[in-house]
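In this chain, numbering begins with 1 at the start of the sequence shown.
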Amino acid sequence: MARAVLDAALAKRKASGPRRRTPGGADLDVEPAAGGPGGAGSTAGRGGQRRRARGYSGPGPDPRDPQLLGTVLARLVKARGWQQPAAEATVFGAWERVVGPDVAEHSRPVKLENGELTVEAESTAWATQLRLLAGSLLRRIAAEVGHGVVRRLHVHGPTAPSWSRGPRRVRGRGPRDTYG
């Protein structure tokens with residue numbers, strides 16, 4: 001009985017037409033291109049279901065594979081022309097890496113406009129020191145984020161609170177020296 005079933009399956013396979021092997025290892029029945037019931041270029045799989053041959057096969061990289069976020073982001077930045085804003089953001093986001101931990105501990109970038117970076121130091125002594133180091137800081141910034149991103153460096157010391165406005169303001173000349 002098993003022999004009869006096997007012979008019937010072989011006869012059916014020979015009658016269905018030529019077969020080809022897909023990259024995944026499954027056999028597909030290839031129907032005639034013009035006159036067959038599937039139309040031009042279609043293939044039929046098991047159970048009469050229609051299947052298309054896949055365009056990608058085999059091992060190796062494939063554009064449909066998951067991509068690293070950094071790679072996708074770099075492609076997006078390049079495609080949109082965001083290189084300059086990304087480099088400017090690096091100055092603020094990676095300040096410690098750009099200028100070094102000692103300088104970053106005592107200063108912070110405030111604004112970057114038209115290639116001029118404004119840096120605020122924590123004391124007047126550090127502001128003087130940063131003014132003396134301005135040339136080397138500009139070289140370090142250019143090496144890290146690219147040339148032309150920062151062209152000038154403005155260093156400010158700490159700002160004291162202004163008492164010219166607010167609840168402690170005295171109108172007029174205010175109190176004067178009472179001695180003599």
| query | Can you check side-chain contact (heavy atoms from CB on, under 4.5 Å) on Leu130 and Val103, steps first, answer last? | reply | CA-CA 8 Å; Leu130 290 177; Val103 173; 3.5 Å; yes

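- Remark: Gln67 engages no residue in a side chain to side chain donor-acceptor pair (under 3.5 Å) (not counting sequence neighbours).
- In this structure, CD on Gln129 lies 10.0 Å from OG on Ser123, to the nearest 0.5 angstrom.
- Qualifying side chain to side chain donor-acceptor pair (under 3.5 Å) partners for Glu96, counting only residues two or more places apart in sequence or in other chains: none.
- Within the 4.5 Å cutoff, no side-chain heavy atoms of Pro158 are placed close to those of Trp126.
- Applying the salt bridge (Lys or Arg N to Asp or Glu O under 4.0 Å) test to residues at least two apart or on different chains, the pairs with a partner in residues 120-134 are Arg108-Glu120.
- The side chain to side chain donor-acceptor pair (under 3.5 Å) test applied to Gln84 returns Glu88, not counting sequence neighbours.
- The stretch residues 137-152 participates, sequence neighbours left out, in these salt bridge (Lys or Arg N to Asp or Glu O under 4.0 Å) pairs: Arg97-Glu144, Glu116-Arg152.
- A continuous path of ILVMFWY side-chain contacts below 4.5 Å connects Ile141 to Phe92, so both sit in one hydrophobic cluster.
- The number of heavy atoms from other shown groups lying within 6.0 Å of NE2 (His154) is above 12.
- When every heavy atom of Val91 is checked against every heavy atom of Pro109, the shortest pair comes out as O-CG, 4.3 Å.
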Using distance only, find each side-chain donor-acceptor pair of residues 72-82 under 3.5 Å and give its atom names and separation, not counting sequence neighbours.
none

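- Between Val119 and His156, the closest side-chain pair of non-hydrogen atoms is not below 4.5 Å.
- Counting only heavy atoms from C-beta outward, the side chains of Arg3 and Asp7 approach each other to under 4.5 Å.
- Tested against Val150 for a side-chain contact (heavy atoms from CB on, under 4.5 Å), the candidates Leu137, Leu117, Val98 yield a single pass: Leu117.
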